[in-house]
Amino acid sequence: MNFEELYSQLIEDFELENLPKEEQKEMLEAVAKTLQKQFLLDIYDEIGEKQFEALQASAQMGEDFYATTLKHIVPNYEEVFQKSRRKVVETFKRK
């Protein structure tokens with residue numbers, strides 16, 4: 001997953017191009033938190049409680065271990081992430 005591309009994509013999705021960089025950053029931090037929560041909810045729905053608990057436990061062992069575990073438990077995690085991103089973008093645009 002290319003984070004620079006994702007960052008640019010979110011700026012476009014939320015039409016933040018005309019905001020000063022500092023305001024863009026603040027808005028994107030808020031969006032990132034919402035996106036992370038939606039992603040975790042979608043992952044939970046995909047893998048169920050037991051595997052989700054294992055995934056959460058792996059987070060305590062470090063970022064690299066978590067990433068490896070995520071890739072193992074949810075091979076299509078990037079697809080799930082994009083679905084989560086679309087949900088968040090659509091929800092914000094409706095308001």
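The line from CD of Q38 to CG of L35 is 8.0 Å long, rounded to the nearest 0.5 Å. Distance check: T68 OG1 to E63 CD gives 10.5 Å after rounding to the nearest 0.5 Å.
Under the rule for a side-chain hydrogen bond (donor to acceptor under 3.5 Å, both in side chains), the partners of S84 that lie at least two apart in sequence or sit in another chain are D42. Take E22 and apply the side chain to side chain contact (heavy atoms under 4.5 Å, CB included) test, not counting sequence neighbours, and it matches K25, E26. When the side chain to side chain contact (heavy atoms under 4.5 Å, CB included) test is applied to L40, the partners found at least two apart in sequence or on another chain are Q36, F52, Q56, Y66.
In this structure, M61 belongs to a hydrophobic cluster whose other members, linked by side-chain heavy atoms under 4.5 Å apart, are F65.
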Which pairs would a plain distance check flag for residues 3-21, meaning a side-chain donor or acceptor within less than 3.5 Å of a matching protein atom at least two apart in sequence or in another chain?
residue, atom, partner, partner atom, Å
S8, OG, E4, O, 3.2
D13, OD2, R85, NH1, 2.4

If you look only at distance, which donor and acceptor atoms sit under 3.5 Å apart when one is on a side chain in residues 43-51 and the other is two or more places apart or in another chain?
residue, atom, partner, partner atom, Å
E46, OE2, N76, ND2, 3.2

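Side-chain heavy atoms closer than 4.5 Å link hydrophobic residues (I, L, V, M, F, W, Y) into clusters, and following such links, possibly through other members, connects M27 to F92.
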(request) Walk me through it: do K83 and R86 pass the test side-chain contact (heavy atoms from CB on, under 4.5 Å)? (result) CA-CA 5 Å; K83 181 176 114 181; R86 283 190 301 275; 3.8 Å; yes
